[in-house]
Amino acid sequence: MAGSLGRRGLLTGWGRTAPSSAEVIHAVHPDIVDQAMRRAAGPVSPARRGLIARGLGRSYGDAAQNAGGAVLDATWLDGVHRADLDTGLVTVGAGVSLQTLMERFVPLGWFVPVTPGTRLVTVGGAIAADIHGKNHHVDGSFCSHVPSFTLVTPGGAMIVTPDSDPELFWATAGGMGLTGVITEATIQMIPVETSYMLVDTERAVDLDDVMDKMLTGDDAYRYSVAWIDCQSTGSRLGRSVLTRGDHARLENLPDRLARDPDRARAFVPRTLARVPLTPPSGLLNPLTVAAFNEFWFRKAPRHQVAKPHHMTGFFHPLDGVAAWNRLYGRKGFLQYQFVVPDAAGETVRRVIERLTEVKLASFLAVLKRFGPGDPGPLSFPMPGWTLALDLPVGYDTLDRLLDDLDQAVLEAGGRVYLAKDSRVSPATFRAMYPRIDEWMAVRHRVDPDGVLRSDLGRRLGLCTDAPGAAAAPAAGGQRARAPRKARAPRKAAAKTASPTAAKTTPPVHPPERTGS
């Protein structure tokens with residue numbers, strides 16, 4: 001047990017920033033999870049830097065990294081154990097990807113209850129980040145559709161349900177893997193007739209226009225999302241393309257599909273292109289992004305109703321471009337996602353105005369509506385507006401800009417999403433998540449010695465290292481560095497005291513994986 005269970009690997013999040021080195025252990029069997037947990041908890045652990053689970057590496061920041069410690073590759077837990085095709089209850093290993101669930105069950109008439117903008121997310125990661133999608137205003141987050149999961153903690157394995165241990169269930173939902181390693185979960189799928197969506201698309205001339213359309217019309221749709229042009233200014237500030245829809249029935253499809261139910265239910269995702277190399281930083285700059293935004297806005301129909309779209313294009317357009325995160329260059333990028341209450345919608349405008357003022361190119365800006373959040377202390381959603389922005393690293397005063405945006409979000413009563421975060425400060429985090437002490441109490445109950453650790457946990461003060469533990473060196477012989485921490489907001493906050501497929505250890509950046 002004192003020996004190595006895995007091999008050293010250099011890991012990053014999807015944003016390709018802040019790499020750190022860890023011992024990567026392939027969880028080829030649930031017994032390996034138990035062994036790794038006991039080893040991380042034991043006095044013979046060489047580094048005493050703890051353990052964290054990792055799925056497909058789609059958290060943008062440092063949530064699935066553990067500098068100098070162990071990282072458990074859970075994508076090997078990829079079995080489909082039980083499926084009731086009458087009720088849609090499916091029990092799978094935590095390493096099964098949403099893509100695998102779609103490939104296997106959409107042809108049988110069942111779809112995942114919640115999907116984010118990528119299907120390359122494991123079930124374990126979906127629970128750890130309590131993912132949300134275009135249907136949050138109707139269906140809530142992922143964990144609202146999980147009747148139970150198996151959680152391995154330093155004290156052993158247990159089946160957790162919202163009734164058996166509600167505090168632990170909801171602390172694990174959105175707990176970023178710091179309450180235990182999920183090895184199995186049961187999911188309530190939703191019934192569908194086809195793999196197609198009926199989609200309404202329309203342009204919005206500015207931010208007021210799109211927000212008004214969403215406020216007055218989203219309740220009529222199960223899924224809704226707006227792409228925002230963050231380069232336009234003046235009377236076109238926040239011009240958008242709004243797409244909303246629901247699952248198509250056979251009778252809604254063209255005759256060539258309606259007459260062939262098997263074809264209408266087929267789910268075979270394809271990679272349309274691949275970014276083979278990492279280009280020099282700066283490829284996505286204000287000029288190139290402005291040109292793309294102009295093309296994308298003009299390409300969208302002014303107003304189109306009930307157009308059939310395959311699920312892959314509606315839910316996961318970027319998954320068609322393998323390794324698209326390389327487009328941001330060697331410096332990488334970060335995603336900034338926040339939510340503010342309904343009454344603070346003006347904060348969305350202020351954020352977009354700041355981006356246009358500094359001419360910071362956001363290749364992807366997505367606006368959605370949220371319904372109520374889950375009961376957990378780290379639940380991200382709240383009724384209101386959420387905006388997600390991809391921002392290239394390298395802008396001279398990016399840290400100061402994001403500090404200011406944090407302050408605006410905090411003053412509006414909002415918060416940032418931990419699965420996307422790579423730089424928020426501990427003070428700001430505590431102010432945004434005032435129930436953190438409740439979560440810490442549950443974590444201490446199941447992991448009193450603090451065995452479960454991650455770079456994100458250290459950065460936010462959610463976990464600490466044993467005395468004398470040393471971080472493993474990062475590339476070039478340097479000590480592994482955490483993401484650059486933002487300075488704490490200067491006013492209110494200062495006073496307030498994610499997993500499936502190609503099974504190889506990432507050498508520098510996690511490889512593109514495509515499902516089990």
Between [X] and [Y] (side chain of the first, backbone of the second, donor and acceptor by atom type, cut-off under 3.5 Å), is there such a pair?
{"X": "Ser164", "Y": "Val160", "answer": "no"}
{"X": "Trp439", "Y": "Ala171", "answer": "yes"}
{"X": "His26", "Y": "Val28", "answer": "no"}
{"X": "Arg58", "Y": "Ala419", "answer": "no"}
{"X": "Asp455", "Y": "Ala67", "answer": "yes"}
{"X": "Trp170", "Y": "Pro162", "answer": "no"}
{"X": "Gln99", "Y": "Leu120", "answer": "no"}
{"X": "Arg453", "Y": "Cys463", "answer": "no"}
{"X": "Asn135", "Y": "Pro113", "answer": "yes"}
{"X": "Arg443", "Y": "Leu452", "answer": "yes"}

Taking the side chain as every heavy atom from C-beta outward, state whether [X] and [Y] have any pair of such atoms under 4.5 Å apart.
{"X": "Phe429", "Y": "Arg415", "result": "no"}
{"X": "Tyr60", "Y": "Leu334", "result": "no"}
{"X": "Leu378", "Y": "Ile436", "result": "yes"}
{"X": "Arg244", "Y": "Lys134", "result": "no"}
{"X": "Val409", "Y": "Tyr336", "result": "yes"}
{"X": "Leu318", "Y": "Leu364", "result": "yes"}
{"X": "Arg119", "Y": "Ser97", "result": "no"}
{"X": "Phe380", "Y": "His136", "result": "no"}

Are Phe169 and Phe149 near enough that their ring centres are under 6.0 Å apart?
yes

Assert yes or no for the condition that the ring centre distance of His247 to Tyr223 is strictly below 6.0 Å.
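Ring centroids of His247 and Tyr223 are less than 6.0 Å from each other.
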
Tell me, with the steps shown, if Thr428 and Val416 meet side chain to side chain contact (heavy atoms under 4.5 Å, CB included).
CA-CA 10 Å; Thr428 302; Val416 298; over 6 Å; no

Knowing that exactly one of Thr153, Thr179, Asp165 qualifies, which makes a side chain to side chain donor-acceptor pair (under 3.5 Å) with Arg445?
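Result: among Thr153, Thr179, Asp165, Asp165 is the only option passing the side chain to side chain donor-acceptor pair (under 3.5 Å) with Arg445.
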
Can you spot which of His132, Arg222, His145 makes a side chain to side chain donor-acceptor pair (under 3.5 Å) with Asp139?
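Single pass found, and it is Arg222.
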
Is the closest side-chain donor-acceptor distance between [X] and [Y] under 3.5 Å?
{"X": "Thr118", "Y": "Asp319", "answer": "yes"}
{"X": "Asp218", "Y": "Ser224", "answer": "yes"}
{"X": "Asp73", "Y": "Thr75", "answer": "yes"}

Which atom of [X] lies closest to which atom of [Y], heavy atoms considered:
{"X": "Gly384", "Y": "Asp342", "value": "CA-OD1, 3.4 Å"}
{"X": "Ala36", "Y": "Leu72", "value": "CB-CD1, 4.0 Å"}
{"X": "Ile52", "Y": "Gln65", "value": "CG2-O, 4.0 Å"}
{"X": "Tyr417", "Y": "Tyr433", "value": "CA-OH, 4.3 Å"}
{"X": "Asp374", "Y": "Cys143", "value": "OD2-CB, 4.0 Å"}
{"X": "Ala63", "Y": "Met176", "value": "CB-CE, 3.5 Å"}

Name of the residue among Phe105, Phe315, Phe267 meeting ring pair (Phe, Tyr, Trp, His ring centres under 6.0 Å) with Phe111
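Checked Phe105, Phe315, Phe267 against Phe111; only one passes ring pair (Phe, Tyr, Trp, His ring centres under 6.0 Å): Phe315.
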
Out of curiosity, [X] [atom1] to [Y] [atom2], how far, rounded to the nearest 0.5 Å?
{"X": "Asp31", "Y": "Thr183", "atom1": "CG", "atom2": "OG1", "answer": "10.5 Å"}
{"X": "Asp406", "Y": "Asp421", "atom1": "CG", "atom2": "CG", "answer": "8.0 Å"}
{"X": "Leu387", "Y": "Thr347", "atom1": "CG", "atom2": "OG1", "answer": "11.0 Å"}
{"X": "Leu456", "Y": "Arg459", "atom1": "CG", "atom2": "CZ", "answer": "5.0 Å"}
{"X": "Arg430", "Y": "Ser425", "atom1": "CZ", "atom2": "OG", "answer": "11.5 Å"}
{"X": "Leu215", "Y": "Arg369", "atom1": "CG", "atom2": "CZ", "answer": "5.0 Å"}

Neighbour count above 12 (heavy atom, 6.0 Å) for [X] [atom1]:
{"X": "Glu167", "atom1": "CD", "result": "no"}
{"X": "His444", "atom1": "NE2", "result": "no"}
{"X": "Leu85", "atom1": "CG", "result": "yes"}

Please evaluate residues Met440 and Leu462 with respect to the criterion side chain to side chain contact (heavy atoms under 4.5 Å, CB included), reporting the C-alpha separation (whole Å), side-chain torsions for both, the decisive distance (0.1 Å), and the verdict.
CA-CA 7 Å; Met440 293 288 284; Leu462 302 180; 4.1 Å; yes

Between Asp399 and Arg423, does any NZ, NE, NH1 or NH2 come within less than 4.0 Å of an OD or OE carboxylate oxygen?
no

Closer than 4.0 angstrom, basic N to acidic O: yes or no for Arg82 and Glu184?
yes

Check against side chain to side chain contact (heavy atoms under 4.5 Å, CB included), Leu168 and Met158
CA-CA 11 Å; Leu168 180 56; Met158 64 188 87; 3.6 Å; yes

Using the rule given for side chain to side chain contact (heavy atoms under 4.5 Å, CB included), can you reason through Leu89 versus Trp110, listing the C-alpha separation, both sets of side-chain angles and the distance that settles it, and then say yes or no?
CA-CA 10 Å; Leu89 277 175; Trp110 297 97; over 6 Å; no

Of Arg54, Arg39, Arg49, which meets salt bridge (Lys or Arg N to Asp or Glu O under 4.0 Å) against Glu23?
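The passing option is Arg39.
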
